[in-house]
Amino acid sequence: ILKGQRYIYSTRLSGDSEQHQGQYYTVPPSHFHTVFPHGLPPRYQQQVKTFNEGCVMVRQPALELISHLKRADYSKPTLRYLLYGVKGSGKTMSLCHTVHYCSTQGWLVLHIPDAHLWVKNCKELLPSSYHASRFDQPIQASNWLRNFRTTNENFLSKIKLRQRYVWTKRESTEEGQPLGELVDMGVSRVKSSSDVVGAVLKELRLQAGGTEGGFRLAVAVDGVNGLWGRTTLKKEDKSPVAPEELTLVHNLRKMINNDWCGGAVIATLSQTGSLYAPSSAYLPQELLGEEGFDSMDPFIPVPVSLYSEKEFESCYLYYLDRHWLQHPHSQTEEGKKELIFLSNRNPSVLERLCAFL
Amino acid sequence: MAASLTGLLKPWTPRVLLVRWSRYNPYYLEPEPRKEVYHIPETELTPEQKEERELKSVRPIKAATNSVTSSVFNDPVLSKFVNMMMKDGDKIIAKGIITQTLENMKRKQVEKYHKAPEGKKAEIECNPYAIFHQALENCKPVIGLASIQKGGKFYQVPIPLTDNRRRFLAMKWMITECRDNKHRRTLMYEKLSQELLAAFSKEGNVVKRKHELHKMAESNRAYAHYRWW
(Lines give C-alpha, C1' and ligand atoms only; values in the text may rest on other atoms or scores of the structure.)
Protein backbone atom coordinates (compact mmCIF):
# COMPACT_ATOMS: atom_id res chain seq x y z
CA ILE A 1 0.00 0.00 0.00
CA LEU A 2 2.87 2.28 0.74
CA LYS A 3 4.83 2.44 -2.52
CA GLY A 4 2.54 5.04 -4.05
CA GLN A 5 2.18 7.03 -0.85
CA ARG A 6 5.81 7.33 0.11
CA TYR A 7 5.73 11.07 -0.52
CA ILE A 8 4.16 11.63 2.88
CA TYR A 9 6.57 9.51 4.84
CA SER A 10 10.24 9.07 4.14
CA THR A 11 13.15 8.22 6.39
CA ARG A 12 15.82 9.50 4.09
CA LEU A 13 15.66 13.08 5.37
CA SER A 14 18.42 14.45 7.50
CA GLY A 15 17.75 18.17 7.60
CA ASP A 16 14.83 20.09 9.00
CA SER A 17 13.71 22.18 6.06
CA GLU A 18 10.30 23.71 5.56
CA GLN A 19 9.17 21.52 2.66
CA HIS A 20 9.41 18.36 4.72
CA GLN A 21 6.64 19.34 7.10
CA GLY A 22 4.62 16.30 8.07
CA GLN A 23 7.34 13.86 7.12
CA TYR A 24 9.54 11.87 9.47
CA TYR A 25 13.28 12.27 9.74
CA THR A 26 15.54 9.69 11.37
CA VAL A 27 17.81 10.51 14.26
CA PRO A 28 21.05 8.54 13.77
CA PRO A 29 21.35 5.83 16.48
CA SER A 30 24.70 7.17 17.69
CA HIS A 31 23.06 10.48 18.61
CA PHE A 32 20.57 8.88 20.97
CA HIS A 33 23.02 8.11 23.72
CA THR A 34 24.95 11.38 23.41
CA VAL A 35 22.25 13.96 22.75
CA PHE A 36 19.40 12.33 24.67
CA PRO A 37 20.64 10.46 27.75
CA HIS A 38 17.63 12.00 29.47
CA GLY A 39 14.84 14.15 28.09
CA LEU A 40 12.87 11.89 25.76
CA PRO A 41 9.35 10.92 26.88
CA PRO A 42 9.36 7.30 28.24
CA ARG A 43 6.80 5.98 25.74
CA TYR A 44 8.89 7.38 22.87
CA GLN A 45 11.96 5.63 24.25
CA GLN A 46 10.01 2.35 24.25
CA GLN A 47 8.96 3.03 20.66
CA VAL A 48 12.58 3.64 19.62
CA LYS A 49 13.57 0.32 21.20
CA THR A 50 10.72 -1.57 19.48
CA PHE A 51 11.15 -0.14 15.99
CA ASN A 52 14.97 -0.26 16.21
CA GLU A 53 15.13 3.33 14.93
CA GLY A 54 14.13 6.77 16.12
CA CYS A 55 11.96 8.84 13.80
CA VAL A 56 10.65 12.28 14.68
CA MET A 57 7.90 14.03 12.76
CA VAL A 58 8.82 17.46 11.45
CA ARG A 59 6.05 19.69 12.74
CA GLN A 60 5.26 23.37 12.48
CA PRO A 61 6.16 24.49 16.09
CA ALA A 62 9.65 22.96 15.84
CA LEU A 63 10.20 24.49 12.39
CA GLU A 64 9.14 27.90 13.71
CA LEU A 65 11.58 27.62 16.63
CA ILE A 66 14.42 26.53 14.32
CA SER A 67 13.80 29.44 11.94
CA HIS A 68 13.83 31.88 14.87
CA LEU A 69 17.09 30.36 16.10
CA LYS A 70 18.64 30.71 12.65
CA ARG A 71 17.76 34.37 12.31
CA ALA A 72 18.24 35.62 15.88
CA ASP A 73 20.91 38.19 16.75
CA TYR A 74 23.19 36.67 19.34
CA SER A 75 24.83 39.87 20.50
CA LYS A 76 21.53 41.00 22.03
CA PRO A 77 20.10 39.58 25.29
CA THR A 78 18.70 36.05 25.03
CA LEU A 79 15.29 35.40 23.56
CA ARG A 80 13.01 33.08 25.50
CA TYR A 81 10.67 30.73 23.67
CA LEU A 82 7.78 29.03 25.41
CA LEU A 83 6.03 25.97 23.94
CA TYR A 84 2.49 25.54 25.20
CA GLY A 85 -0.47 23.37 24.23
CA VAL A 86 -3.02 20.85 25.48
CA LYS A 87 -1.89 17.64 27.11
CA GLY A 88 -0.31 15.25 24.66
CA SER A 89 0.01 17.65 21.75
CA GLY A 90 3.77 17.12 21.30
CA LYS A 91 5.52 19.88 23.29
CA THR A 92 8.30 17.66 24.68
CA MET A 93 8.89 16.06 21.27
CA SER A 94 9.16 19.51 19.63
CA LEU A 95 11.64 20.50 22.33
CA CYS A 96 13.70 17.37 21.71
CA HIS A 97 13.64 18.05 17.95
CA THR A 98 14.99 21.59 18.55
CA VAL A 99 17.62 20.26 20.99
CA HIS A 100 18.80 17.78 18.36
CA TYR A 101 19.00 20.57 15.78
CA CYS A 102 21.04 22.72 18.19
CA SER A 103 23.46 19.91 18.95
CA THR A 104 23.96 19.14 15.21
CA GLN A 105 24.76 22.83 14.74
CA GLY A 106 27.44 22.60 17.43
CA TRP A 107 25.75 24.50 20.23
CA LEU A 108 26.23 23.65 23.89
CA VAL A 109 22.94 22.21 25.09
CA LEU A 110 21.76 22.50 28.70
CA HIS A 111 18.77 20.14 28.77
CA ILE A 112 16.77 19.86 31.97
CA PRO A 113 14.42 16.92 31.30
CA ASP A 114 11.73 17.91 33.80
CA ALA A 115 11.94 20.77 36.29
CA HIS A 116 9.14 19.13 38.30
CA LEU A 117 11.52 16.30 39.26
CA TRP A 118 13.52 18.85 41.26
CA VAL A 119 10.55 20.10 43.32
CA LYS A 120 8.99 16.81 44.35
CA ASN A 121 9.89 13.34 45.63
CA CYS A 122 13.28 14.27 46.99
CA LYS A 123 14.58 11.70 49.48
CA GLU A 124 17.59 13.69 50.71
CA LEU A 125 17.37 17.38 51.35
CA LEU A 126 20.62 18.75 52.79
CA PRO A 127 20.97 22.29 54.12
CA SER A 128 23.26 24.15 51.77
CA SER A 129 26.84 24.86 52.86
CA TYR A 130 27.10 27.99 50.70
CA HIS A 131 23.95 29.79 51.83
CA ALA A 132 22.34 29.21 55.21
CA SER A 133 18.66 29.23 54.30
CA ARG A 134 18.86 27.15 51.11
CA PHE A 135 18.57 23.40 50.57
CA ASP A 136 20.66 21.10 48.41
CA GLN A 137 19.51 18.09 46.44
CA PRO A 138 22.58 15.90 45.97
CA ILE A 139 21.03 12.97 44.05
CA GLN A 140 19.18 15.01 41.44
CA ALA A 141 22.15 17.35 40.96
CA SER A 142 24.70 14.56 40.49
CA ASN A 143 22.39 12.69 38.05
CA TRP A 144 21.94 15.81 36.00
CA LEU A 145 25.69 16.52 35.96
CA ARG A 146 26.38 12.99 34.75
CA ASN A 147 23.93 13.39 31.86
CA PHE A 148 25.33 16.87 31.12
CA ARG A 149 28.77 15.34 30.86
CA THR A 150 27.57 12.72 28.33
CA THR A 151 25.84 15.36 26.19
CA ASN A 152 28.63 17.90 25.94
CA GLU A 153 31.87 15.86 25.99
CA ASN A 154 33.67 18.00 23.45
CA PHE A 155 32.97 21.31 25.20
CA LEU A 156 34.21 20.21 28.60
CA SER A 157 37.88 20.45 27.73
CA LYS A 158 37.59 23.67 25.72
CA ILE A 159 35.90 25.95 28.25
CA LYS A 160 38.16 27.29 30.96
CA LEU A 161 36.96 28.59 34.30
CA ARG A 162 37.27 32.30 35.00
CA GLN A 163 36.99 32.18 38.74
CA ARG A 164 38.38 30.20 41.63
CA TYR A 165 35.86 28.02 43.46
CA VAL A 166 36.52 26.81 47.01
CA TRP A 167 34.53 23.76 48.10
CA THR A 168 35.98 22.81 51.46
CA LYS A 169 39.12 23.77 53.40
CA ARG A 170 41.23 21.45 51.26
CA GLU A 171 39.34 21.33 47.98
CA SER A 172 39.21 24.09 45.43
CA THR A 173 39.09 24.42 41.68
CA GLU A 174 41.53 26.99 40.28
CA GLU A 175 41.03 29.55 37.57
CA GLY A 176 41.90 28.33 34.07
CA GLN A 177 41.05 24.69 34.71
CA PRO A 178 38.77 23.04 32.12
CA LEU A 179 35.06 22.72 32.87
CA GLY A 180 35.35 18.94 32.70
CA GLU A 181 37.23 18.90 36.01
CA LEU A 182 34.47 20.85 37.71
CA VAL A 183 31.82 18.47 36.40
CA ASP A 184 33.84 15.41 37.42
CA MET A 185 34.22 16.86 40.88
CA GLY A 186 30.48 17.40 41.11
CA VAL A 187 29.75 13.84 40.07
CA SER A 188 32.22 12.30 42.53
CA ARG A 189 31.60 14.63 45.51
CA VAL A 190 27.88 14.23 45.75
CA LYS A 191 27.53 16.50 48.77
CA SER A 192 28.54 19.65 46.93
CA SER A 193 27.01 18.71 43.56
CA SER A 194 24.23 21.33 43.77
CA ASP A 195 26.79 24.10 44.25
CA VAL A 196 28.79 22.65 41.33
CA VAL A 197 25.64 22.92 39.18
CA GLY A 198 25.34 26.57 40.21
CA ALA A 199 29.00 27.20 39.34
CA VAL A 200 28.66 25.47 35.94
CA LEU A 201 25.60 27.54 35.06
CA LYS A 202 27.34 30.76 36.09
CA GLU A 203 30.45 29.98 34.01
CA LEU A 204 28.41 29.11 30.95
CA ARG A 205 26.36 32.28 31.32
CA LEU A 206 29.50 34.45 31.48
CA GLN A 207 31.26 32.77 28.58
CA ALA A 208 28.41 32.10 26.16
CA GLY A 209 28.50 35.40 24.30
CA GLY A 210 32.28 35.72 24.29
CA THR A 211 34.03 36.71 21.05
CA GLU A 212 37.12 34.50 21.60
CA GLY A 213 36.18 30.84 21.35
CA GLY A 214 32.54 31.82 21.78
CA PHE A 215 29.92 29.10 21.64
CA ARG A 216 26.14 29.34 21.56
CA LEU A 217 24.29 28.14 24.59
CA ALA A 218 20.83 26.53 24.36
CA VAL A 219 18.98 26.17 27.64
CA ALA A 220 16.13 23.69 27.17
CA VAL A 221 13.82 23.33 30.16
CA ASP A 222 10.84 20.97 30.16
CA GLY A 223 8.06 21.71 32.62
CA VAL A 224 9.33 25.20 33.40
CA ASN A 225 6.17 25.99 35.40
CA GLY A 226 7.57 23.81 38.19
CA LEU A 227 10.11 26.51 39.05
CA TRP A 228 7.50 29.00 40.24
CA GLY A 229 4.77 26.94 41.85
CA ARG A 230 4.78 25.20 45.21
CA THR A 231 6.84 22.16 46.15
CA THR A 232 5.77 19.00 47.95
CA LEU A 233 9.01 18.98 49.95
CA LYS A 234 8.97 19.68 53.67
CA LYS A 235 11.60 20.83 56.12
CA GLU A 236 12.27 18.92 59.31
CA ASP A 237 9.70 20.94 61.21
CA LYS A 238 7.04 19.99 58.61
CA SER A 239 6.82 23.49 57.13
CA PRO A 240 6.68 23.60 53.30
CA VAL A 241 9.76 24.48 51.27
CA ALA A 242 9.35 27.32 48.78
CA PRO A 243 11.04 26.79 45.40
CA GLU A 244 13.43 29.74 45.97
CA GLU A 245 14.90 27.88 48.93
CA LEU A 246 16.25 25.10 46.68
CA THR A 247 19.74 25.80 45.25
CA LEU A 248 19.02 24.08 41.94
CA VAL A 249 15.83 26.06 41.33
CA HIS A 250 17.49 29.33 42.41
CA ASN A 251 20.36 28.87 39.98
CA LEU A 252 18.11 27.78 37.15
CA ARG A 253 15.93 30.87 37.57
CA LYS A 254 19.05 33.04 37.18
CA MET A 255 19.75 31.15 33.95
CA ILE A 256 16.29 31.81 32.54
CA ASN A 257 16.60 35.58 33.14
CA ASN A 258 17.55 37.33 29.96
CA ASP A 259 20.53 39.24 31.34
CA TRP A 260 23.12 37.25 29.34
CA CYS A 261 23.66 36.99 25.60
CA GLY A 262 24.89 34.44 23.09
CA GLY A 263 22.19 31.80 23.29
CA ALA A 264 18.53 30.98 23.61
CA VAL A 265 16.18 29.67 26.27
CA ILE A 266 13.57 27.17 25.04
CA ALA A 267 11.00 26.15 27.63
CA THR A 268 7.94 23.91 27.69
CA LEU A 269 4.95 24.11 29.98
CA SER A 270 3.75 20.82 31.39
CA GLN A 271 0.61 20.05 33.33
CA THR A 272 1.38 16.32 33.62
CA GLY A 273 4.03 16.55 36.32
CA SER A 274 2.88 19.82 37.82
CA LEU A 275 1.85 20.22 41.43
CA TYR A 276 -1.40 21.80 42.54
CA ALA A 277 -2.47 22.72 39.01
CA PRO A 278 -5.89 21.70 37.57
CA SER A 279 -5.77 19.15 34.77
CA SER A 280 -7.59 21.39 32.30
CA ALA A 281 -4.98 24.16 32.54
CA TYR A 282 -2.63 24.55 29.58
CA LEU A 283 -2.19 28.28 28.93
CA PRO A 284 0.98 30.08 30.12
CA GLN A 285 -0.95 32.44 32.40
CA GLU A 286 -2.63 29.55 34.23
CA LEU A 287 0.36 27.26 34.62
CA LEU A 288 3.14 29.78 35.31
CA GLY A 289 1.17 31.82 37.81
CA GLU A 290 1.75 35.52 38.40
CA GLU A 291 5.33 35.23 39.62
CA GLY A 292 6.39 32.90 36.82
CA PHE A 293 4.74 34.94 34.10
CA ASP A 294 6.41 38.12 35.35
CA SER A 295 9.82 36.44 35.34
CA MET A 296 9.33 34.88 31.89
CA ASP A 297 7.86 38.06 30.44
CA PRO A 298 8.78 39.02 27.64
CA PHE A 299 8.85 35.64 25.87
CA ILE A 300 7.93 34.31 22.43
CA PRO A 301 4.97 31.93 22.79
CA VAL A 302 4.90 28.97 20.38
CA PRO A 303 1.56 27.13 20.40
CA VAL A 304 1.69 23.38 19.75
CA SER A 305 -1.55 22.13 18.23
CA LEU A 306 -2.97 18.64 17.67
CA TYR A 307 -2.16 16.79 14.44
CA SER A 308 -3.51 18.34 11.25
CA GLU A 309 -5.03 16.01 8.63
CA LYS A 310 -1.77 15.73 6.72
CA GLU A 311 0.19 15.01 9.90
CA PHE A 312 -2.32 12.39 10.98
CA GLU A 313 -2.03 10.69 7.58
CA SER A 314 1.73 10.71 7.93
CA CYS A 315 1.62 9.23 11.42
CA TYR A 316 -0.86 6.53 10.32
CA LEU A 317 1.30 5.56 7.34
CA TYR A 318 4.41 5.49 9.53
CA TYR A 319 2.76 3.06 11.95
CA LEU A 320 1.57 0.91 9.05
CA ASP A 321 5.04 0.85 7.58
CA ARG A 322 6.63 -0.17 10.86
CA HIS A 323 4.09 -3.00 11.21
CA TRP A 324 2.69 -1.40 14.33
CA LEU A 325 -1.01 -1.36 13.37
CA GLN A 326 -1.69 -5.08 13.37
CA HIS A 327 -5.47 -5.39 13.81
CA PRO A 328 -6.93 -6.26 10.37
CA HIS A 329 -9.68 -3.67 10.77
CA SER A 330 -7.29 -0.86 11.69
CA GLN A 331 -5.86 -1.01 8.17
CA THR A 332 -9.24 -0.24 6.56
CA GLU A 333 -10.91 3.13 5.97
CA GLU A 334 -13.53 2.39 8.65
CA GLY A 335 -10.85 1.73 11.22
CA LYS A 336 -9.00 4.91 10.28
CA LYS A 337 -12.16 6.97 10.72
CA GLU A 338 -12.69 5.34 14.07
CA LEU A 339 -9.11 6.16 15.13
CA ILE A 340 -9.64 9.82 14.18
CA PHE A 341 -12.85 9.87 16.19
CA LEU A 342 -11.43 8.17 19.26
CA SER A 343 -8.19 10.14 19.44
CA ASN A 344 -9.41 13.53 18.15
CA ARG A 345 -6.01 13.66 16.38
CA ASN A 346 -4.23 14.04 19.74
CA PRO A 347 -0.72 12.59 19.20
CA SER A 348 -0.30 10.85 22.57
CA VAL A 349 -3.85 9.46 22.63
CA LEU A 350 -3.36 8.12 19.11
CA GLU A 351 -0.11 6.49 20.15
CA ARG A 352 -1.75 4.79 23.10
CA LEU A 353 -4.67 3.59 20.94
CA CYS A 354 -2.44 2.19 18.23
CA ALA A 355 -0.35 0.42 20.87
CA PHE A 356 -2.92 -2.27 21.47
CA LEU A 357 -4.62 -2.29 18.04
CA MET B 1 -49.97 -5.77 25.73
CA ALA B 2 -48.63 -3.32 28.28
CA ALA B 3 -44.97 -4.13 28.59
CA SER B 4 -43.94 -3.28 32.14
CA LEU B 5 -46.97 -1.65 33.70
CA THR B 6 -48.69 -4.88 34.72
CA GLY B 7 -46.27 -5.26 37.59
CA LEU B 8 -47.04 -1.84 38.96
CA LEU B 9 -50.68 -2.51 39.87
CA LYS B 10 -49.92 -3.70 43.37
CA PRO B 11 -50.94 -2.30 46.77
CA TRP B 12 -47.28 -1.46 47.42
CA THR B 13 -44.60 -0.52 44.85
CA PRO B 14 -40.91 -0.22 45.85
CA ARG B 15 -39.42 3.28 45.73
CA VAL B 16 -36.68 2.27 43.30
CA LEU B 17 -37.75 0.37 40.19
CA LEU B 18 -35.23 -1.55 38.10
CA VAL B 19 -35.45 -0.26 34.56
CA ARG B 20 -32.39 -1.76 32.84
CA TRP B 21 -31.23 -5.22 33.94
CA SER B 22 -30.75 -8.62 32.40
CA ARG B 23 -34.24 -10.07 33.10
CA TYR B 24 -36.76 -8.64 30.69
CA ASN B 25 -40.34 -9.36 29.72
CA PRO B 26 -40.14 -11.64 26.63
CA TYR B 27 -42.01 -8.90 24.75
CA TYR B 28 -38.75 -6.89 24.54
CA LEU B 29 -36.52 -7.31 21.49
CA GLU B 30 -32.72 -7.49 21.31
CA PRO B 31 -30.77 -4.31 20.36
CA GLU B 32 -28.83 -4.25 17.06
CA PRO B 33 -25.32 -2.78 17.58
CA ARG B 34 -23.89 -3.31 14.07
CA LYS B 35 -23.63 -0.19 11.90
CA GLU B 36 -23.98 -1.93 8.50
CA VAL B 37 -27.60 -2.90 9.18
CA TYR B 38 -28.63 0.74 9.46
CA HIS B 39 -26.75 1.85 6.36
CA ILE B 40 -28.80 -0.28 3.92
CA PRO B 41 -31.00 2.14 1.95
CA GLU B 42 -34.78 1.66 1.90
CA THR B 43 -34.90 0.20 -1.61
CA GLU B 44 -32.48 -2.68 -0.95
CA LEU B 45 -34.30 -4.22 1.98
CA THR B 46 -35.64 -7.75 1.60
CA PRO B 47 -39.27 -8.38 2.70
CA GLU B 48 -38.05 -10.06 5.96
CA GLN B 49 -35.87 -7.11 6.82
CA LYS B 50 -38.73 -4.70 6.12
CA GLU B 51 -40.98 -6.73 8.41
CA GLU B 52 -38.29 -6.73 11.10
CA ARG B 53 -37.94 -2.96 10.89
CA GLU B 54 -41.69 -2.48 11.22
CA LEU B 55 -41.76 -4.78 14.22
CA LYS B 56 -38.91 -2.83 15.85
CA SER B 57 -40.79 0.42 15.44
CA VAL B 58 -43.70 -0.82 17.60
CA ARG B 59 -42.07 -3.13 20.17
CA PRO B 60 -39.90 -1.96 23.09
CA ILE B 61 -36.18 -2.88 22.91
CA LYS B 62 -33.91 -4.04 25.75
CA ALA B 63 -31.21 -1.59 26.87
CA ALA B 64 -27.78 -2.48 25.45
CA THR B 65 -25.15 -3.47 28.02
CA ASN B 66 -21.99 -1.41 28.42
CA SER B 67 -19.80 -4.04 26.78
CA VAL B 68 -21.66 -3.94 23.44
CA THR B 69 -20.09 -1.56 20.86
CA SER B 70 -20.59 -0.80 17.21
CA SER B 71 -16.83 -0.39 16.92
CA VAL B 72 -14.99 -2.40 14.26
CA PHE B 73 -12.46 -3.41 16.90
CA ASN B 74 -15.04 -5.23 19.02
CA ASP B 75 -14.07 -8.86 19.73
CA PRO B 76 -16.58 -11.12 21.58
CA VAL B 77 -13.94 -13.67 22.69
CA LEU B 78 -11.77 -10.90 24.10
CA SER B 79 -14.77 -9.35 25.90
CA LYS B 80 -15.50 -12.73 27.48
CA PHE B 81 -11.86 -12.96 28.61
CA VAL B 82 -12.03 -9.46 30.10
CA ASN B 83 -15.21 -10.39 31.99
CA MET B 84 -13.56 -13.50 33.38
CA MET B 85 -10.53 -11.54 34.50
CA MET B 86 -12.70 -8.88 36.16
CA LYS B 87 -12.80 -8.77 39.98
CA ASP B 88 -15.55 -6.98 41.96
CA GLY B 89 -17.05 -5.57 38.78
CA ASP B 90 -14.00 -3.43 38.00
CA LYS B 91 -13.98 -3.72 34.23
CA ILE B 92 -11.68 -0.71 33.78
CA ILE B 93 -8.78 -2.45 35.52
CA ALA B 94 -9.41 -5.75 33.71
CA LYS B 95 -9.63 -4.04 30.29
CA GLY B 96 -6.48 -2.06 31.14
CA ILE B 97 -4.57 -5.26 31.94
CA ILE B 98 -5.69 -6.88 28.67
CA THR B 99 -4.71 -3.83 26.57
CA GLN B 100 -1.31 -3.71 28.27
CA THR B 101 -0.92 -7.45 27.59
CA LEU B 102 -1.72 -7.00 23.89
CA GLU B 103 0.67 -4.06 23.66
CA ASN B 104 3.42 -6.01 25.41
CA MET B 105 2.98 -9.03 23.11
CA LYS B 106 3.01 -6.80 20.05
CA ARG B 107 6.14 -4.98 21.22
CA LYS B 108 8.06 -8.20 21.78
CA GLN B 109 7.02 -9.63 18.41
CA VAL B 110 7.64 -6.40 16.45
CA GLU B 111 11.07 -6.04 18.04
CA LYS B 112 11.90 -9.61 17.02
CA TYR B 113 10.53 -8.89 13.55
CA HIS B 114 12.69 -5.81 13.01
CA LYS B 115 15.82 -7.58 14.22
CA ALA B 116 15.23 -10.79 12.26
CA PRO B 117 16.97 -11.46 8.91
CA GLU B 118 14.86 -11.14 5.73
CA GLY B 119 14.08 -14.84 5.38
CA LYS B 120 12.70 -15.29 8.89
CA LYS B 121 10.46 -12.18 8.86
CA ALA B 122 7.43 -13.86 7.35
CA GLU B 123 7.29 -16.53 10.07
CA ILE B 124 7.01 -14.10 12.99
CA GLU B 125 3.39 -13.41 13.88
CA CYS B 126 3.00 -9.82 15.04
CA ASN B 127 -0.77 -9.50 15.40
CA PRO B 128 -1.58 -9.78 19.13
CA TYR B 129 -5.20 -10.69 18.40
CA ALA B 130 -4.15 -13.59 16.15
CA ILE B 131 -1.70 -14.76 18.82
CA PHE B 132 -4.40 -14.55 21.49
CA HIS B 133 -6.90 -16.55 19.47
CA GLN B 134 -4.37 -19.18 18.42
CA ALA B 135 -3.05 -19.51 21.99
CA LEU B 136 -6.59 -20.01 23.28
CA GLU B 137 -7.19 -22.65 20.60
CA ASN B 138 -4.04 -24.47 21.66
CA CYS B 139 -5.22 -24.49 25.30
CA LYS B 140 -8.72 -25.83 24.65
CA PRO B 141 -9.13 -29.45 25.82
CA VAL B 142 -10.79 -31.86 23.39
CA ILE B 143 -12.24 -34.20 26.00
CA GLY B 144 -13.15 -33.62 29.64
CA LEU B 145 -13.80 -35.63 32.78
CA ALA B 146 -17.01 -35.86 34.80
CA SER B 147 -17.50 -37.34 38.25
CA ILE B 148 -20.22 -40.03 37.90
CA GLN B 149 -21.53 -42.10 40.76
CA LYS B 150 -21.96 -45.84 40.14
CA GLY B 151 -22.47 -48.40 42.88
CA GLY B 152 -21.54 -46.12 45.76
CA LYS B 153 -18.22 -44.98 44.22
CA PHE B 154 -17.39 -41.94 42.13
CA TYR B 155 -15.54 -42.55 38.86
CA GLN B 156 -13.81 -39.94 36.63
CA VAL B 157 -15.53 -40.62 33.30
CA PRO B 158 -14.30 -39.09 30.01
CA ILE B 159 -17.07 -37.02 28.36
CA PRO B 160 -17.33 -34.80 25.27
CA LEU B 161 -17.34 -31.07 25.98
CA THR B 162 -19.39 -28.36 24.33
CA ASP B 163 -17.61 -25.46 22.58
CA ASN B 164 -18.57 -22.99 25.30
CA ARG B 165 -17.26 -25.28 28.02
CA ARG B 166 -13.96 -25.76 26.20
CA ARG B 167 -13.49 -22.03 25.72
CA PHE B 168 -14.36 -21.42 29.36
CA LEU B 169 -11.86 -24.03 30.59
CA ALA B 170 -9.06 -22.61 28.40
CA MET B 171 -9.65 -19.06 29.68
CA LYS B 172 -10.04 -20.20 33.29
CA TRP B 173 -6.80 -22.16 33.21
CA MET B 174 -4.94 -19.24 31.63
CA ILE B 175 -6.16 -16.79 34.28
CA THR B 176 -5.55 -19.05 37.30
CA GLU B 177 -2.11 -19.96 35.99
CA CYS B 178 -1.15 -16.29 35.67
CA ARG B 179 -2.56 -15.40 39.05
CA ASP B 180 -0.96 -18.24 41.02
CA ASN B 181 2.37 -19.13 39.45
CA LYS B 182 4.04 -15.79 39.22
CA HIS B 183 6.71 -13.99 41.18
CA ARG B 184 5.39 -11.41 43.64
CA ARG B 185 7.00 -8.58 41.70
CA THR B 186 5.91 -9.55 38.14
CA LEU B 187 2.88 -7.66 36.95
CA MET B 188 -0.16 -9.51 35.63
CA TYR B 189 0.13 -8.23 32.07
CA GLU B 190 3.78 -9.29 31.86
CA LYS B 191 3.04 -12.83 33.05
CA LEU B 192 -0.06 -13.07 30.84
CA SER B 193 1.87 -12.01 27.74
CA GLN B 194 4.59 -14.58 28.51
CA GLU B 195 2.00 -17.36 28.93
CA LEU B 196 0.08 -16.42 25.77
CA LEU B 197 3.26 -16.35 23.69
CA ALA B 198 4.25 -19.75 25.14
CA ALA B 199 0.79 -21.21 24.44
CA PHE B 200 1.02 -19.85 20.87
CA SER B 201 4.09 -22.03 20.34
CA LYS B 202 2.47 -24.92 22.24
CA GLU B 203 4.77 -24.70 25.28
CA GLY B 204 4.05 -23.46 28.80
CA ASN B 205 2.07 -24.57 31.81
CA VAL B 206 -1.45 -24.17 30.44
CA VAL B 207 -0.84 -26.42 27.46
CA LYS B 208 0.81 -28.90 29.88
CA ARG B 209 -2.35 -28.89 31.98
CA LYS B 210 -4.45 -29.60 28.89
CA HIS B 211 -2.19 -32.54 28.00
CA GLU B 212 -2.49 -33.91 31.54
CA LEU B 213 -6.28 -33.80 31.31
CA HIS B 214 -6.11 -35.66 28.01
CA LYS B 215 -3.84 -38.31 29.57
CA MET B 216 -6.22 -38.78 32.53
CA ALA B 217 -9.14 -39.18 30.12
CA GLU B 218 -7.12 -41.71 28.08
CA SER B 219 -6.22 -43.70 31.20
CA ASN B 220 -9.86 -43.80 32.31
CA ARG B 221 -11.09 -45.08 28.95
CA ALA B 222 -12.55 -48.20 30.56
CA TYR B 223 -15.19 -46.17 32.40
CA ALA B 224 -16.44 -44.45 29.25
CA HIS B 225 -19.58 -46.58 29.09
CA TYR B 226 -20.70 -45.23 32.52
CA ARG B 227 -21.80 -42.18 30.59
CA TRP B 228 -25.47 -42.44 29.63
CA TRP B 229 -25.94 -39.32 27.48
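A, B, ... follow the sequence lines: proteins, then strands. Residue 1 opens every chain. Heavy atoms only: backbone and side chains are in, while hydrogens, waters and symmetry mates are out.
- Cation-pi contact between B:Lys210 and B:Trp173: absent, since separation from the ring centre below 6.0 Å together with deviation from the ring axis within 45° is not met.
- With B:Tyr113 as the aromatic partner, B:Lys121 meets the cation-pi criteria of under 6.0 angstrom to the ring centre and within 45 degrees of the ring axis.
- Residue contact with chain B, scored on non-hydrogen atoms closer than 4.5 Å, is absent for A:Phe341.
- Counting all heavy atoms, side chain and backbone alike, B:Ala199 lies closest to B:Met174 at CB-CE, 4.3 Å.
- Salt-bridge check for A:Lys336 with A:Glu313: passed, with a basic side-chain N closer than 4.0 Å to an acidic carboxylate O.
- Heavy atoms closer than 4.5 Å to chain B are found in both the backbone and the side chain of A:Ser330.
- Of the two parts of B:Lys112, neither the backbone nor the side chain holds a non-hydrogen atom closer than 4.5 Å to a non-hydrogen atom of chain A.
- Top candidate by heavy-atom pairs under 4.5 Å with chain B, chosen from A:Glu334, A:Arg352, A:His327, A:His329, is A:His327.
- Of the listed residues B:Met105, B:Gln100, B:His114, B:Lys108, the one with more heavy-atom pairs under 4.5 angstrom with chain A than any other is B:His114.
- Here A:Leu357 is the residue among A:Asn52, A:Leu342, A:Leu357 with the most heavy-atom pairs under 4.5 Å with chain B.
- Ranking B:Val110, B:Asn104, B:Asn127, B:Leu102 against chain A, the residue ahead of the rest is B:Asn127, based on heavy-atom pairs under 4.5 Å.
- Considering only heavy-atom pairs separated by less than 4.5 Å from chain B, the leading option among A:Cys354, A:Ala355, A:Gly335 is A:Ala355.
- Without hydrogens or angle criteria, A:Gln271 side chain to A:Ala277 main chain gives a donor-acceptor distance under 3.5 Å.
- Taking a cutoff of 4.0 Å between a charged side-chain nitrogen and a carboxylate oxygen, B:Arg107 and B:Glu111 do not qualify as a salt bridge.
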